[in-house]
Protein chains: 2
Amino acid sequence: MEKSKRIVIALGGNALGNTLPEQMKAVKITSRAIVDLIEEGCEVVVVHGNGPQVGMINNAMTALSREDPSQPNTPLSVCVAMSQAYIGYDLQNALREELYNRNIYNIPVATMVTQMRVDENDPAFLNPSKPIGHFMTLEQAKVAEEKYGYIIKEDSGRGYRRVVASPKPAEIIELGAIRTLVDSGQLVIACGGGGIPVMLKGNHLRGASAVIDKDHASCLLAEELDADYLIILTAVEKVAINFKKPDEKQLDDISVEEAQRYIKEGHFAPGSMLPKVEASVRFASSKPGRTALITLLEKAKDGINGKTGTRIHL
Amino acid sequence: MEKSKRIVIALGGNALGNTLPEQMKAVKITSRAIVDLIEEGCEVVVVHGNGPQVGMINNAMTALSREDPSQPNTPLSVCVAMSQAYIGYDLQNALREELYNRNIYNIPVATMVTQMRVDENDPAFLNPSKPIGHFMTLEQAKVAEEKYGYIIKEDSGRGYRRVVASPKPAEIIELGAIRTLVDSGQLVIACGGGGIPVMLKGNHLRGASAVIDKDHASCLLAEELDADYLIILTAVEKVAINFKKPDEKQLDDISVEEAQRYIKEGHFAPGSMLPKVEASVRFASSKPGRTALITLLEKAKDGINGKTGTRIHL
């Protein structure tokens, strides 16, 4: 029998909706696509983003502090932790239900609270770039800047959003636990929201005010778990160069070298397609036989069967 | 070599403080007591309560809904999930740090998001009894009743608190993952806040508006993991009969039968010592050789060495 393919799948926080009812719908659709991969015989590990959710939780904790002065403001790292359970609980239930609906009873689902070490000297701390929370009007943005000292940026013509530092993931603290569960046949949700950002201070792990990019986090996890595939889900079926220009070209199967050249030529938007292609290049170049796939959620299965999506490999 | 003792330890939510700074102090003290047990050669699994924390998170989510009408109210089950990560993240870090400070590097720490199935016909749903959140004055209690429809009760002369249903735990959904991690030598934090309460609806697990008692949850976990000890930590060194009366008597070593008689005689306060003694009786009577210990956090080590605390066994 062929060895089953191990896949780390990176799911966008935006695809999980902005409210709990939206999330509960989204996780159903997500679960169908993931269980499709499991039915193909793949071992799957799920990493998800948390941009809207961690912003929402942060807003809730801030609202509480205003109403109850005995409650100090909650650090962003703690909000990331909370977002892992907020999303993981729903997602693991939807996965369990989809597995059961297809009479697959031997794959338990588990969510691991995961910390991710970052480097305190990471230059990202000097240049906050990761949008979190909901979109704001210019007026709301001004209030948020003045009242909470948030750093606000305009986001791709869609409105204004708070931005926070997004340092590179350096080490998955709970890697051993994740590996043990994956090796024992569990469907594991880990490194949610890119992982809780922590910095090493002697024997202490101190929370960092940051949100780690989930594409980079899933790349690190995929390398550490010796995965065959890293699947980065996004809003388009294939990555394009000259995006939205007359000579736009969709990419099917490209080498790491080609991808690196396109990055250098500036084809991919920072904070959007760029981290996905960067993470893909890093994973694919880490070892022969490793393939990164960027595609739509509902095309994941066709993607690993070579039918669609953009595949990047050595 | 003697087989190492497996211990499930139940930690009170109240002992973890009402705010994050209080929690960060509390988990340090807690971690010292737990690592003491590990240095004695014990395998430890940690269950914690979440009364103040789940109330605080619920208040935060309610405050958000008032400020941002696009955010519907967050179900209590989701708040329990968030409390597992809110507490687990801090607790697992403090445990890791204490282990490292004592040069113990081979015991990784992990927090599992844990769901607990409850029976939808559990009579507890008709009689909310579990206090959550902070204490309120009579005036604040009246506002909370009118404004949010909360059920408020007076709590042992200490003020008014919201009460919610506290059904009995029936099944730990993620038991397989917890067992796998414990068996692989991890120090696991699981069933936080008694577990996320869910009810089985076909293949779906639906969140229940409840908070499960962590003593009963830890008893179930201890049985399922075939633990040797269930340690229930509390605010007194030993359980007493005729508590605060002239003939008060502290209990050292009692049989399940004695404990059952004292329960029947009404010696233990509901919502306080009663669930601890009930959970102890259930665990101790589930199999010969199983011992339940009720004592202070800082006496846990002396307790398992038979020096103090109240021990209950067959």
Side-chain angles (χ1 to χ4, degrees), chain A residues 18-21 56-57 59-68 70-72 74-75 77-78 80-86 88-90 92-94 96-101 108-113 115 134 173-178 180-181 184 186 188-189 196 198 202-207, chain B residues 18-21 56-57 59-68 70-72 74-75 77-78 80-86 88-90 92-94 96-101 108-113 115 134 173-178 180-181 184 186 188-189 196 198 202-207:
Chain A
N18 287 303
T19 66
L20 199 63
M56 180 277 289
I57 292 168
N59 287 343
M61 302 310 280
T62 306
L64 177 72
S65 299
R66 277 195 298 274
E67 290 192 0
D68 177 358
S70 79
Q71 288 293 341
T74 304
S77 57
V78 176
V80 173
M82 293 165 81
S83 79
Q84 291 185 345
Y86 173 88
Y89 161 46
D90 260 3
Q92 86 182 67
N93 262 342
R96 177 187 178 280
E97 191 172 346
E98 186 65 26
L99 287 162
Y100 278 33
N101 287 346
V109 193
T111 302
M112 288 293 313
V113 174
Q115 303 176 88
H134 51 65
I173 304 294
E174 287 79 19
L175 179 64
I178 298 167
T180 299
L181 290 181
S184 79
Q186 299 254 347
V188 180
I189 301 166
I196 306 165
V198 293
N203 287 336
H204 181 62
L205 292 171
R206 194 166 80 190
Chain B
N18 288 302
T19 66
L20 199 63
M56 179 277 289
I57 292 167
N59 287 342
M61 302 310 280
T62 306
L64 177 72
S65 298
R66 277 196 298 275
E67 289 193 0
D68 177 358
S70 78
Q71 288 293 339
T74 304
S77 57
V78 177
V80 173
M82 291 165 83
S83 79
Q84 291 185 344
Y86 174 87
Y89 162 45
D90 259 3
Q92 87 181 66
N93 262 342
R96 177 186 177 280
E97 190 172 346
E98 187 65 26
L99 287 162
Y100 278 32
N101 286 346
V109 193
T111 302
M112 288 292 313
V113 173
Q115 302 176 90
H134 51 68
I173 304 294
E174 288 78 18
L175 179 63
I178 297 168
T180 299
L181 289 181
S184 79
Q186 299 253 347
V188 180
I189 302 167
I196 307 165
V198 292
N203 287 336
H204 180 63
L205 292 170
R206 193 167 78 190

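In what follows, every chain begins at residue 1, and chains take the letters A, B, ... in the order their sequences are listed. Just so it is clear, the model here is predicted, and its values are computed rather than measured. Side-chain atoms are counted along with the backbone in the values below, which use heavy atoms only and exclude waters and symmetry mates.
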Considering all heavy atoms of both residues, which atom of B:Ala60 and which atom of A:Met61 are nearest to each other, and what is their separation? CB-SD, 3.7 Å
State the CE-CG distance between A:Met112 and B:Leu181, to the nearest 0.5 angstrom. 6.0 Å
Of the non-hydrogen atoms in B:Tyr89 and A:Ser77, which two are nearest, and what is the gap between them? OH-OG, 3.3 Å
Among the options A:Ala110, A:Ala177, A:Gly207, pick out the one with the most heavy-atom pairs lying under 4.5 Å from chain B. A:Ala177
Which atoms of B:Leu205 come close to chain A, meaning under 4.5 Å heavy atom to heavy atom: side chain ones, backbone ones, both, or neither? both
Give the minimum heavy-atom separation between B:Ala85 and A:Ala81, together with the two atoms involved. CB-O, 3.0 Å
Among A:Arg66, A:Gln84, A:Gln186, A:Gln115, which residue has the highest count of heavy-atom pairs closer than 4.5 Å to chain B? A:Gln115
A:Val78 versus B:Leu20: any side-chain heavy-atom pair under 4.5 Å? yes
So does B:Asn18 get a backbone contact from the side chain of A:Gln71, meaning a donor-acceptor N/O pair under 3.5 Å? yes
Engaged part of B:Leu99 at the chain A interface, taking heavy atoms whose separation is under 4.5 Å: neither
Test of understanding: with salt bridge (Lys or Arg N to Asp or Glu O under 4.0 Å), list the residues that count as partners of A:Arg206, not counting sequence neighbours. none
Count the heavy-atom pairs under 4.5 Å between each of B:Asn93, B:Asn101, B:Thr180, B:Ile178 and chain A, then report the option with the highest count. B:Asn93
Side chains of A:Arg96 and B:Ile173: does their closest heavy-atom pair fall under 4.5 Å? yes
Of all of B:Leu64, B:Val113, B:Asn203, which one pairs up most often with chain A through heavy atoms under 4.5 Å apart? B:Asn203
Portion of B:Pro72 that has a non-hydrogen atom of chain A nearer than 4.5 angstrom: side chain
Residues which pass side-chain hydrogen bond (donor to acceptor under 3.5 Å, both in side chains) with B:Gln92, listed by chain and number, not counting sequence neighbours: A:Glu174, B:Thr111
For chain A, the option from B:Val198, B:Asp90, B:Ile196 that forms the most heavy-atom pairs under 4.5 Å: B:Ile196
